[in-house]
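First up is the structure itself, then whatever we jot down about it.
Residue numbers start at 1 and run along the sequence shown.
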Amino acid sequence: MKITDIQFGRLKVPLKTPFKTALRTVDHVEDIVVIVNTDGGHVGYGEAPATAVITGDTHGSIVEAIRSYISPRLIGQDIANLNHITHLIQTAMEKNSSAKAAVEIAIYDLWGQLYNAPLYQLLGGGDPVINTDITISVDYIDKMVADSLSAVERGFESLKIKVGKDIGVDIERAKAIHAAVEGRALLRLDANQGWTAKQAVYALHALEDAGVKLELVEQPVKAHDLEGMRYVTERVHTPVMADESVFGPMEVIELIRMRAADIVNIKLMKTGGISNAIRIADICAVHGIECMIGCMVETSISVAAAVHVAVAKAHVISKVDLDGPSLCQYNPVDGGVIFNDSEISITDAPGLGIREIRGLEKEGAALKWSA
Ligand code: MG
């Protein structure tokens, strides 16, 4: 099974409600779809969103990185040589983690098809059913409480609460949601870099003293402030999780060396795809550090890939934040991973099992890449 060419498409799906964090507001998914064709007629699919404020990747940069740097190295490569191909992708250029992720996802999809097995089975197997949390966007307190209650009604048992806007209001947000859903859902607080280290310690002590039990607090301080992450981790009881602070295995090793966080959030768009996500899970497992697997605002192509990794590495990836598909108004993908609100399951279809992508605009003269 040899790679013959790589094509692009664009997939746009409106969200049920706007996704609001301390960094940005998004009201629809608009992602690049990567289509890897092979000589035997098998097709692999990958996907990447533009997350300029997190990874630096834009639609234009993703397409250009793949078209000019990654794709020329891959044409003619045999899918059976998976490790060689992922090495070619990872060393094609610096950074550009989302472009690398999109291509790797399509390659692993084909690798599963080559051996006629669902990807998670080739990655080591596992129980193909997992449960995800759902994001509660940062908003007025009453709105966040209402959104939290409706998520619990839909069966979500973990809520990812976005804060990081105003420290005083953030504390009240967490207290109000805790009071509304106490005993029915675990609370994960994601500050998206919105606090200083001292503010984070102040807020977490206030919440701990008020009896608000949080499962974890995510990325309280700026991405590059590992000292700040350590400052918070040393001073609060609530487990601290690193998200924007860690992209690839090197950053994870440094984070562990510094004891700057208790948990690592793996996202394929930060790691550059599946090969490094697996490395990070293995590094964390060796050090006894738990992982979450998360996603950007993505649909069920790239999120499906994350689900396969989560199942195969469930012994270390103990927390799942793959709510991209459940934030969308509809699922454009007919595939091997079934997203049913909080419950996600994998069928026996080979690879990622993608049969159809509705509304996919294939690359052509009319398709322009926006930021
Ligand atoms: Mg986060």
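Under 4.0 Å is where a charged nitrogen must lie from a carboxylate oxygen, and between R173 and D170 at least one such pair does. Comment: K160 engages D190 in a salt bridge, judged by a side-chain N to carboxylate O separation of less than 4.0 angstrom. Taking the charged nitrogens against the carboxylate oxygens, E215 and K319 do have a contact shorter than 4.0 Å, which makes a salt bridge. One finds a salt bridge joining R184 and E153 here, because a Lys/Arg side-chain nitrogen approaches an Asp/Glu carboxylate oxygen to under 4.0 Å. A salt bridge is absent between E64 and R67; no separation between the charged side-chain nitrogens and carboxylate oxygens falls under 4.0 Å. For the pair D321 and K267, the salt-bridge criterion is not met [side-chain N within less than 4.0 Å of a carboxylate O]. Using a 4.0 Å cut-off between charged nitrogen and carboxylate oxygen, R188 and E218 do not count as a salt-bridge pair. Between D341 and R154 there is a salt bridge, since a side-chain N of the basic residue sits under 4.0 Å from a carboxylate O of the acidic one. A salt bridge does not link D139 with K162: every distance from a Lys NZ or Arg NE/NH1/NH2 to an Asp or Glu carboxylate oxygen is 4.0 Å or more.
A side-chain donor-acceptor contact under 3.5 Å links Q113 and D109. Donor-acceptor pairing under 3.5 Å is lacking for the side chains of Q219 and N192. Side-chain contact annotation: D133 with S158, donor-acceptor N/O pair under 3.5 Å absent. Under 3.5 Å, the side chains of S300 and N331 contain a donor-acceptor pair of N or O atoms.
With values rounded to the nearest 0.5 angstrom, I141 atom CD1 is found 8.5 Å from I177 atom CD1. Atom NZ of K20 and atom CD1 of I136 lie 13.0 Å apart (nearest 0.5 Å).
A donor-acceptor contact shorter than 3.5 Å links the side chain of D166 to the backbone of V169. E363 contributes no side-chain N or O that, together with a main-chain N or O of G9, makes up a donor-acceptor pair within less than 3.5 Å. Looking at T135, its side chain never comes within 3.5 Å of a backbone N or O of S137 through a donor-acceptor pair. When atom types are taken as modelled, the side chain of E157 and the backbone of A185 share no donor-acceptor pair closer than 3.5 angstrom. Using modelled atom types, no side-chain atom of Q199 and backbone atom of V201 make a donor-acceptor pair closer than 3.5 Å. Distance alone, capped at 3.5 Å, is enough to place a donor-acceptor pair between the E104 side chain and the S275 backbone. Counting only distance, with no hydrogens or angles, the side chain of T238 and the backbone of L214 share no donor-acceptor pair below 3.5 Å. In this structure a side-chain-to-backbone donor-acceptor pair under 3.5 Å is missing from S97 to G272. Side-chain atoms of K2 do not come within 3.5 Å of backbone N or O of D39 as any donor-acceptor pair. Proximity of a side-chain donor or acceptor of E298 to a complementary backbone N or O of A48 within less than 3.5 Å is not detected.
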Check your understanding: Please walk me through it: do I66 and I6 pass side chain to side chain contact (heavy atoms under 4.5 Å, CB included)?
Key -> CA-CA 9 Å; I66 296 171; I6 298 182; 4.1 Å; yes

Exercise for review: List the steps, then state whether side chain to side chain contact (heavy atoms under 4.5 Å, CB included) holds for I301 with I354.
Suggested key: CA-CA 8 Å; I301 303 171; I354 293 166; 3.7 Å; yes

Exercise for review: Before giving the answer on side chain to side chain donor-acceptor pair (under 3.5 Å), spell out for R24 and T51 the whole-Å C-alpha distance, their side-chain angles and the decisive distance to 0.1 Å.
Suggested key: CA-CA 10 Å; R24 59 192 182 133; T51 49; 6.0 Å; no

Review point. Between E182 and K213, does a side chain to side chain contact (heavy atoms under 4.5 Å, CB included) hold up when you go through it step by step?
Key: CA-CA 9 Å; E182 191 177 5; K213 198 165 167 13; over 6 Å; no

Review point. Checking side chain to side chain donor-acceptor pair (under 3.5 Å) for the pair N276/T271: CA distance, chi angles, key distance, verdict?
Key: CA-CA 6 Å; N276 275 336; T271 61; 5.9 Å; no

Check your understanding: Taking it one step at a time, do S318 and E290 satisfy side chain to side chain donor-acceptor pair (under 3.5 Å)?
Key -> CA-CA 6 Å; S318 54; E290 274 184 278; 2.3 Å; yes

Point to revise | V129 vs I344, side chain to side chain contact (heavy atoms under 4.5 Å, CB included): CA-CA, chis, key distance, verdict | key: CA-CA 6 Å; V129 184; I344 305 174; over 6 Å; no

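Linking ILVMFWY residues whenever their side-chain heavy atoms come closer than 4.5 Å, directly or via other members, leaves Y69 and V103 in distinct clusters. Using a 4.5 Å cut-off between side-chain heavy atoms of Ile, Leu, Val, Met, Phe, Trp and Tyr, with links allowed through other members, V236 and I171 fall into the same hydrophobic cluster. In the hydrophobic clustering of ILVMFWY residues, with side-chain heavy atoms under 4.5 Å counting as a link, F8 and M93 come out apart. Hydrophobic cluster membership differs between I338 and L119, with clusters built from Ile, Leu, Val, Met, Phe, Trp and Tyr side chains linked at under 4.5 angstrom. L186 and V320 sit in two unconnected hydrophobic clusters of ILVMFWY residues. Membership requires side-chain heavy atoms under 4.5 Å apart, directly or through other members.
Put simply, the side chain of I357 does not reach to within 4.5 Å of the side chain of D334, judged on heavy atoms. Between T4 and I75, the closest side-chain pair of non-hydrogen atoms is not below 4.5 Å. By the 4.5 Å heavy-atom criterion applied to side chains, N131 and F156 are not counted as neighbours.
In the displayed structure, H237 atom NE2 is contacted under 6.0 Å by at most 12 heavy atoms of other residues, nucleotides or ligands. The local environment of NZ in K95 is sparse, with at most 12 non-hydrogen atoms from other residues, nucleotides or ligands closer than 6.0 Å. Heavy-atom neighbours of R259 CZ from other residues, nucleotides or ligands within 6.0 Å: at or below the threshold of 12. Annotation: E251, atom CD; neighbour count of heavy atoms from other residues, nucleotides and ligands within 6.0 Å is above 12. Counting non-hydrogen atoms of neighbouring residues, nucleotides and ligands closer than 6.0 angstrom, the CE atom of M250 reaches no more than 12 such neighbours. Enclosure of atom CG in D282 by more than 12 non-hydrogen atoms of other residues, nucleotides or ligands within 6.0 angstrom is indicated. Within a 6.0 Å sphere centred on NE2 of H224, other residues, nucleotides and ligands contribute 12 heavy atoms or fewer. Heavy atoms from other residues, nucleotides or ligands lying under 6.0 Å from NE2 of H28 number more than 12.
Of all non-hydrogen atoms in A261 and M229, the two that sit nearest each other are CB-CE, 4.3 Å. When all heavy atoms of A106 and V34 are compared, the closest pair comes out as CB-O, 4.3 Å. Minimum interatomic distance between G112 and P350 (heavy atoms only, all atoms of both residues): O-CB, 4.0 Å. In plain terms, the two heavy atoms of T58 and A52 that are nearest each other are CG2-CB, 4.2 Å. Residues L352 and Y45 approach most closely at CD1-O, 3.8 Å, considering heavy atoms. Closest non-hydrogen pair, S61 versus G56, comes out as OG-O, 4.3 Å.
A cation-pi arrangement is present between R235 and Y231, with the terminal nitrogen or guanidinium carbon under 6.0 Å from the aromatic centre and inside a 45° cone about the axis.
Using a 4.5 Å cut-off between side-chain heavy atoms of Ile, Leu, Val, Met, Phe, Trp and Tyr, L216 falls into a hydrophobic cluster with M241, I263, M292.
For D147, the salt bridge (charged side-chain N to carboxylate O under 4.0 Å, His left out) criterion is met by K143, not counting sequence neighbours.
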